[in-house]
S.K.: 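To start, I am sharing the structure in question, which I have written as structure tokens.
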Amino acid sequence: MGIRVLASKKLFSLESKETQYVFKVDENENLAHVYFGNKINNLGDFEDERVMELSSNDSALDLTMEEMSYFGGLRFKECALKGSFADGTRDLKLRYSGYSLINHSPLDSSISKTLCIMLKDEYYPIVVKLYYRVYEELDIFERWCSVKNMGGEKYTIEKVSSGEININDDELYVTNVCGYWGGEQQLFRKPISGASINFESRRGATGHNNSPYFIIDKDAKEDSGEVYFGVLAYAGNFKITCEGMPYGYTRVIAGISDFDFIKVLDFNEEFETPRLFIGFSKDGYGKMSHRLNKLTLNYLSPMETRDDIKKVLYNSWEATTFDVNCKNQMELAEKAASIGAELFVIDDGWFGERNSDKAGLGDWIVNPCKFPEGLTPLIEKVNSLNMDFGIWVEPEMVNPDSDLYREHEDYVYSFCNRKNSLARNQLVLNITKKEVYEYLFMRLDELLTNNNIKYVKWDMNRHLSEVGAFNLREDRRREVFHLHQEAFLNLVSDLRENHPGVHFEACASGGGRVSYGVIPYFDDFWVSDNTDALDRLFIQEAYSLIYPVSYMRSWVTDCPNFYTKRTIPLEFRFHVSMTGTLGIGGNLNKWTTEDMEIAKNNISIYKEIRNIIQRGDLYRLISPRESEFSAVSYVIEKTQGVAFVFLKSQRYAREKVNIKLKGLQEEKRYKVLYDGKEEQLGGDYLMHHGINLHLRGDYSSSIVKFYVEERKN
Ligand code: DGJ
């Protein structure tokens with residue numbers, strides 16, 4: 001496993017437990033892709049195939065599956081790299097010029113050394129390095145690249161992608177999501193053949209629409225079929241291009257979007273792209289999700305909070321919106337504690353003149369009318385109830401009606417002779433500007449230093465527009481989208497360094513910041529402002545394909561739901577939220593004694609099983625897209641698990657559903673608790689015969705627990 005080099009054939013093979021990725025240097029010193037799929041032992045078997053042009057219109061370069069296509073020569077396909085030299089030449093001619101294996105000290109011995117392939121331009125002093133690493137146990141490969149200007153004159157990068165994937169097959173399909181505020185994660189799957197499809201963000205954040213990943217397959221299902229996938233670890237404007245080539249292969253290019261992006265490299269300057277994690281599963285989508293989930297749990301999530309189990313939180317936003325004060329928050333805190341919440345989060349409205357969304361953003365000072373003695377009395381009260389305290393912020397933004405803006409109009413992005421567009425009455429701060437960054441760091445650091453805050457919900461309620469940044473050198477101003485996301489992540493990282501152990505939640509009007517770029521800096525995602533339990537079944541299923549359950553914050557809120565106007569029983573709402581990291585967001589002042597009992601009971605069940613949910617492998621047993629019933633289970637170490645079964649709407653009095661569990665050991669006996677029964681059943685029985693559950697009425701749900709009983713000798 002790891003990296004093998006067959007020097008005689010200039011062949012490079014990346015190998016994990018089940019997967020192999022092979023490329024070679026071809027006769028023109030170009031890097032050609034050879035293979036991606038199940039493992040093949042003998043590297044000598046890879047034949048030296050020479051790709052010839054098909055006609056004067058169909059060049060050998062377009063017919064070649066390349067590791068990094070660039071704008072140059074007879075290439076008409078989408079390129080991964082494009083730039084221009086100071087003398088006006090835009091054509092690149094990169095040639096292989098050697099490799100090295102970088103022996104970093106990996107945190108885990110199951111990560112290979114880094115393979116670095118060096119490419120140099122034939123004439124100009126430009127060096128491109130392609131990097132590859134193997135997560136051997138996870139069957140995941142990591143790729144990125146860098147471009148370095150070794151000459152005295154500027155080199156202007158107009159596009160640089162993290163990587164390019166080639167699949168030696170056509171007639172394939174790509175899966176992604178689209179959406180909008182409250183309607184995130186709407187799954188689609190479409191044919192790539194004969195077309196070029198782009199998923200992109202031009203918003204300065206990844207946004208609610210498409211998501212920075214790809215899933216490619218021909219006929220895969222949950223547990224069968226070949227699936228190629230990749231996730232881009234980037235928090236800003238991204239672009240994923242899938243091209244169905246007419247020559248029988250399919251390609252994907254993933255990286256920073258070239259929309260309004262230009263990076264000028266001075267002498268000796270190097271630009272490194274975000275990381276792209278790719279994988280191949282021969283057994284359908286389920287395995288892909290398990291591998292990506294483990295990638296977050298074992299490698300990507302912030303190290304210092306990685307082992308923390310996510311607490312049950314109460315967030316007061318829907319109960320009090322901007323109308324927060326010490327008294328009403330204390331009352332809610334008491335109620336939240338009484339049902340078992342462990343973390344009390346005060347949302348928007350606690351600072352400046354923030355009585356609505358029209359004012360106050362930017363003034364991160366506690367509002368003295370709402371909290372005359374500061375936040376301390378509330379935090380002490382929350383702590384005395386055995387809960388941690390969390391707080392909402394939206395640091396990248398400012399309302400024109402704020403002290404910050406009145407004093408520093410120049411702190412926002414803007415162009416000359418243009419009026420800035422407002423969205424939710426706010427403007428975007430130019431955090432690439434040193435003094436803005438320092439102001440925000442100072443205020444937030446002060447907030448976290450002076451108050452016992454254990455959780456920060458970081459929001460972003462509008463996207464970037466009119467991104468004039470005159471603090472930047474004239475030829476660097478088209479880099480601003482990229483620099484904004486970099487400054488945002490640096491700010492979080494600097495705060496984490498000063499306040500280790502504090503958890504950060506990434507929110508952007510709901511799920512506008514769900515991405516692998518954010519995972520290394522945050523602990524939770526607010527997946528959607530849409531908390532309607534029926535919509536959530538779909539949103540959460542789509543989310544779970546790629547993103548980790550331990551980041552999937554899901555609140556139980558009130559009915560009729562503010563967004564969909566739908567009314568759903570509280571038990572069902574709890575069960576849907578319990579399939580992620582549980583939160584409560586309803587107005588507890590309006591909950592009846594019976595509601596509070598349902599809440600208490602479910603929160604206590606969740607605490608018993610959350611380790612399995614947050615750490616285990618997720619199995620999508622029945623999709624809500626396929627039937628009125630749906631079911632999802634979580635299994636840890638094949639010995640313990642829990643399944644949630646839902647009935648959306650009862651049709652023709654059908655109440656029976658057969659649930660076949662997955663991920664168990666055939667030969668083991670499991671204790672199974674369901675439908676008020678307790679049974680001893682074999683793993684083989686549970687997986688092949690399954691158990692029958694009876695759900696009665698619209699929006700009914702049930703929990704099944706199962707575990708191998710330790711034999712007491
Ligand atoms: C949008 C978020 O998604 C909500 O949860 C809430 O925090 C509001 N912003 C507050 O303004």
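Treat the numbers as computed from the prediction; the structure is a model and nothing was measured. Just so you know, ligand 1 is whichever comes first in the structure, and atom 1 is the first atom listed for that ligand.
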S.K.: Suppose we measure from atom 6 (C) of ligand 1 to each protein heavy atom; which comes out shortest, and what is that distance?
M.R.: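 Among all protein heavy atoms, the one nearest atom 6 (C) of ligand 1 is Asp347 OD1, 3.4 Å.
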
S.K.: So for Lys457, does at least one of its heavy atoms come nearer than 4.0 angstrom to any atom of ligand 1?
M.R.: yes

S.K.: Salt-bridge test for Lys457 and Asp347: reply yes if a basic N is under 4.0 Å from a carboxylate O, no otherwise.
M.R.: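 Here Lys457 pairs with Asp347 in a salt bridge, since their nearest N and O are under 4.0 Å apart.
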
S.K.: How does Cys507 reach ligand 1, if at all, at less than 4.0 Å between non-hydrogen atoms: by side chain, backbone, both, or neither?
M.R.: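 Side chain only; the backbone of Cys507 stays clear of ligand 1.
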
S.K.: Check whether NZ of the Lys or CZ of the Arg Arg513 lies under 6.0 Å from the centre of the six-membered ring of Phe488 and within 45 degrees of that ring's axis.
M.R.: yes

S.K.: Fit a plane to each ring of Phe574 and Trp591, take the angle between them on a 0 to 90° scale, and name the class: parallel (under 30°), tilted (30 to 60°) or perpendicular (over 60°).
M.R.: perpendicular

S.K.: Name the orientation class of the two ring planes belonging to Tyr551 and Phe525 (parallel below 30°, tilted from 30 to 60°, perpendicular beyond 60°).
M.R.: tilted

S.K.: Starting from atom 9 (N) of ligand 1, find the nearest protein heavy-atom neighbour and note its residue, name and distance.
M.R.: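 Atom 9 (N) of ligand 1 sits closest to the protein heavy atom Asp459 OD2, 2.7 Å.
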
S.K.: Taking all atoms of both residues into account, what is the closest heavy-atom pair of Val549 and Gly580, and its distance?
M.R.: CG1-CA, 4.0 Å

S.K.: Could you list which atoms of ligand 1 come closer than 4.0 Å to a heavy atom of Trp526?
M.R.: 3 (O), 5 (O)

S.K.: Counting non-hydrogen protein atoms only, what is the nearest one to atom 11 (O) of ligand 1? Give residue, atom name and distance.
M.R.: Asp348 OD2, 2.6 Å

S.K.: In ligand 1, which numbered atoms sit nearer than 4.0 Å to a non-hydrogen atom of Gly510?
M.R.: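 Close to Gly510: 3 (O).
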
S.K.: Looking at Ser509, which atoms of ligand 1 are within less than 4.0 Å of one of its heavy atoms?
M.R.: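 So the answer, numbered in order with elements, is 1 (C), 3 (O).
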
S.K.: Does any part of the side chain of Ser356, heavy atoms only, come nearer than 4.5 Å to the side chain of Asn425, both counted from C-beta?
M.R.: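 Not in contact.
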
S.K.: Within less than 4.0 angstrom of ligand 1, does Arg424 place any heavy atom?
M.R.: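 Heavy atoms of Arg424 do come under 4.0 Å of ligand 1.
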
S.K.: What do we get for Asn315 next to ligand 1 when only non-hydrogen atoms under 4.0 Å count, side chain, backbone, both or neither?
M.R.: neither

S.K.: Which heavy atom of the protein is the closest neighbour of atom 4 (C) of ligand 1, given with residue, atom name and distance?
M.R.: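 Going by distance alone, atom 4 (C) of ligand 1 is nearest to Asp529 OD1, 3.5 Å.
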
S.K.: Rounded to the nearest 0.5 Å, how far does CD of Glu479 lie from CD of Glu486?
M.R.: 7.5 Å

S.K.: Just checking, any donor-acceptor pair under 3.5 angstrom between side chains of Tyr699 and His575?
M.R.: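 Result is no, nothing qualifies.
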
